[in-house]
Amino acid sequence: MNLRYQFIGGRIMKASQLFYPTLREVPSEAEIASHQLLLRAGFIRKTSAGVYSYLPLAKRVLRKIENIIREEMDRAGGQELMMPIIQPQELWEKSGRWSVYGDEMFRLYDRHNRGFALGPTHEEIITTLVDADVQSYRDLPLLLYQIQNKYRDEIRPRFGLMRGREFIMKDLYSFDVDYEGLDVSYKKMHSAYRAIYDRMNLNYRVVEADSGAIGGNESHEFMVLADSGECTVIYCESCDYAANVEKAQCKAADDIKSKSDLMSIEKISTPGMKTVHDLVTLGISEQEVLKTLMYSADEEIIAVVLRGDRDLNEIKLKNFLGAEQLFMADEASVRERCGAGFGSLGPVGLKLKIYADLELTGMRNFSCGANEDNYHFTHVNMGRDFVPEAVIDLRNAVEGDLCPVCSASLKSIRGIEVGHIFKLGTKYSDAMGASFINANGEEKAMIMGCYGIGVSRTMAAAVEQNNDDNGIIWPIPIAPYHVIIVPVNTKKEEQMQAANSIYEELIADGIEVILDDRDERAGVKFKDADLIGIPIKITIGPKSLQEKQAEVKKRWEGETELVPLDQVVKTIKGIIAAGMKK
RNA sequence: CGGGAUGUAGCGCAGCUUGGUAGCGCGUCUGGUUCGGGACCAGAAGGCCGCAGGUUCGAAUCCUGUCAUCCCGACCA
């Protein structure tokens, strides 16, 4: 393999000149490993909440990630372009998202008071662009991508690069003549994404996802597995099923159907009891309680019922209802409609549409609010005491649920969403009027897909997954430098001579290497080398030098290997080649 | 947006209760001794105590406002 695989810029490779200000102490604002380490190791500095400067080491990592992405996008037939960050209001009004996007969108106004958005995404621009210059089916399919800064005024930026307000993203948009074409483009991207994360040596999983506000019907997320992840992934060890918890289906669990006889409904006094947990003090378990939630779905108040210990999945509810807006009803209007406040609600006698979770099918004789403050019913049964509008899958899947595909027990794990691919269909091509003339001379809307990768977030995710007490451990394919050479004492000429000659040889072979020529004590240099996470460290010290040897240590392993000086370059090349392929 | 916390030197913090002109550790600079996992000694530089008002003879400290940052939550009754 050719190690001279990419030149990512930067000629300064001597630590004495490199700008990587390391910190001995943890900045107090940083909570998670990637944030702390990227700050401490001199990769990033905060400019304002959720907005960061990327220092030279970080820039190199970003370039490597970008280059891997570029190669795979190009291989899949993508063409790179670049679109503006500043986007005119009128484009966003055309798609209807100027109002829909809300506070998440940074807005600014020019001297003529014309509105602009700082692009949170680029569907509007690209669709307009393609509309203007693509008229014929002969020009399709088209796969266009860019790597660009994006802006989202997050409610709460957090965790450093994980959830920033300015971030780097690769976004590709596909334009096809029909849905079969979209399937082809989607599959190309799916495998390109796998190739990208494989090449970066990240431990990830592809999961089924909800396509959310962007619209469309098929969607996958690429999750880098890490405890600090903001997403919960539900997956099956017996088959390939994996889904974002927002999407994960719950099976109707026939086998847990209660066999007890139906008992008569009974009203009990429950003074002051408002929560499911309160009822537990009466000897009723959370599994025997029926929880009633009131929602306002496009102005209509509805009731949702599910088992007391379960969590409602609002996305499932929203999708089922096809509602534009869904939020919990306020207590005043609930009291007006139901005659009781939160905590005393139940489905019995309710004159509202009731949506019941699938799991309730298997429940008998449960307890719920009586729609009268301080009273509950026990021995309530669905079908007899109330009839729901629909019985559907409404709850969040949890570990131990049955796999919807193979019925094995599901597991749950945390993940960082680093990639997301969508089938969009014609949502934007319709809105922006992006059409073409097909072979029969008919005008048709282009069928679109969009495919994103959080570049800066991927860098953080890589750190999150690859670190130890001493610092970062970069996977070789995205490490800022492959090798760091540490002469134990820069004042000893023979050490510097040996270090320099290895340094020159490695550079000549296209290997990216830092020579730590600083007049520092060995301990300081070792600590910094570990902190910034360079995968391979070569130590030149008096002990081994006497034997004409250097010490080679992999950052991810404990042992040091003694290598004859004239074999060092060969050894290093071997380690890198193995690390690039892994 | 709701709740909580914090703003004092590049970083980490003390001082604030009980007002009296700012301190510690790390880092930085100079000199020396050291030199294989964040050395030691001596010296030095560095602060509109977030900002704006107010109280007071006097404010980092008390009061009001404001801004910023971080954490939790944002509707599971």
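Only heavy atoms go into these numbers, but all of them, side chains included; no hydrogens, no water, no symmetry mates. Small disclaimer: the values here were computed from a predicted structure and weren't measured. By convention in this document, chain letters (A, B, ...) are assigned in the order of the sequence lines, proteins followed by strands, and residues within each chain are numbered from 1.
For A/Ala522, the listed nucleotide lying nearest its side chain is B/G36; candidates were B/C71, B/G36, B/U69. Of the listed nucleotides (B/G36, B/C76, B/G38), B/G36 has the atom at the smallest distance from the side chain of A/Thr539. Taking only side-chain atoms of A/Arg156, from C-beta outward, the nucleotide of B/A39, B/A74, B/G36 with the closest atom is B/A74. Each of B/G37, B/U69, B/G38 was ranked by its minimum atom distance to the side chain of A/Val524; first place goes to B/G38.
Within residues 486-497 of chain A, the residues that have a heavy atom under 4.0 Å from RNA chain B are, in order of number, A/Val488, A/Asn489, A/Lys491.
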Summarise protein proximity over nucleotides 6-16 of chain B in one line of letters, 5' to 3': B for base, S for sugar-phosphate only, - for none, counting protein heavy atoms closer than 4.0 Å. -----BSS---
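As the counterpart of B/U66, B/G50 is assigned, both hydrogen-bonding distances of the Watson-Crick or G-U wobble pattern falling under 3.5 Å. Judged by Watson-Crick or G-U wobble contacts below 3.5 Å, the nucleotide B/C40 has B/G32 as its partner. For B/G25, the paired base is B/C11 (Watson-Crick or G-U wobble, both distances below 3.5 Å).
At a threshold of 4.0 Å, the pair A/Arg165-A/Asp153 counts as salt-bridged, since one of the basic side-chain nitrogens sits closer than that to a carboxylate oxygen.
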Cut-off 3.5 Å, no hydrogens considered: what does the side-chain donor-acceptor table look like for residues 487-501 of chain A, sequence neighbours left out?
from	atom 1	to	atom 2	distance (Å)
A/Asn489	OD1	A/Lys491	N	2.8
A/Gln495	OE1	A/Val488	N	3.2
A/Gln495	OE1	A/Asn489	N	2.7
A/Asn500	ND2	A/Met496	O	3.3

Check residues 24-33 of chain A and write down every donor-acceptor pair under 3.5 Å in which the side-chain atom is one partner and the other belongs to a residue at least two apart or another chain.
from	atom 1	to	atom 2	distance (Å)
A/Glu29	OE1	A/Lys46	NZ	2.9
A/Glu29	OE2	A/Lys46	NZ	3.4

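For B/C71, the OP1/OP2 oxygens have no side-chain nitrogen or oxygen of A/Arg158 closer than 4.0 Å. Residue A/Lys525 places none of its side-chain N or O atoms closer than 4.0 Å to OP1 or OP2 of B/G36. The side chain of A/Arg24 places no N or O atom within less than 4.0 Å of a non-bridging phosphate oxygen (OP1 or OP2) of B/C26.
Protein atom NZ of A/Lys291 is 13 Å distant from nucleotide atom P of B/C75, rounded to whole Å. Atom-to-atom, CG of A/Leu317 to C1' of B/C75 comes out at 14 Å; the value is rounded to the nearest Å.
Partners of A/Tyr52 under the ring-ring contact (aromatic ring centres under 6.0 Å, His included) rule, at least two apart in sequence or in another chain, are A/His35. A/Arg158 is linked by a salt bridge (Lys or Arg N to Asp or Glu O under 4.0 Å) to A/Glu230, counting only residues two or more places apart in sequence or in another chain. For A/Glu559, there are no salt bridge (Lys or Arg N to Asp or Glu O under 4.0 Å) partners at least two apart in sequence or on another chain. The side chain to side chain donor-acceptor pair (under 3.5 Å) test applied to A/Arg152 returns no partner, not counting sequence neighbours. The salt bridge (Lys or Arg N to Asp or Glu O under 4.0 Å) search around A/Glu300 returns A/Lys353, not counting sequence neighbours.
No donor-acceptor contact under 3.5 angstrom links the side chains of A/Gln549 and A/Ser544, judged on distance only.
The closest donor-acceptor contact from the side chain of A/Asp401 to the backbone of A/Leu410 lies at 3.5 Å or more, if one exists at all.
Counting any heavy atom pair closer than 4.0 Å across all strands shown, A/Pro21 reaches no nucleic acid atom. Contacts of A/Ile155 with the nucleic acid, taken as non-hydrogen atoms under 4.0 Å apart, include base atoms.
When the P atom is used for both B/C48 and B/G23, the distance is 15 Å, rounded to whole Å. Here the separation of B/G4 from B/C63, taken at their C1' atoms, is 22 Å to the nearest Å.
For A/Asp530 and B/G37, a side-chain-to-base donor-acceptor distance below 3.5 Å is present, hydrogens and geometry of angles not being considered.
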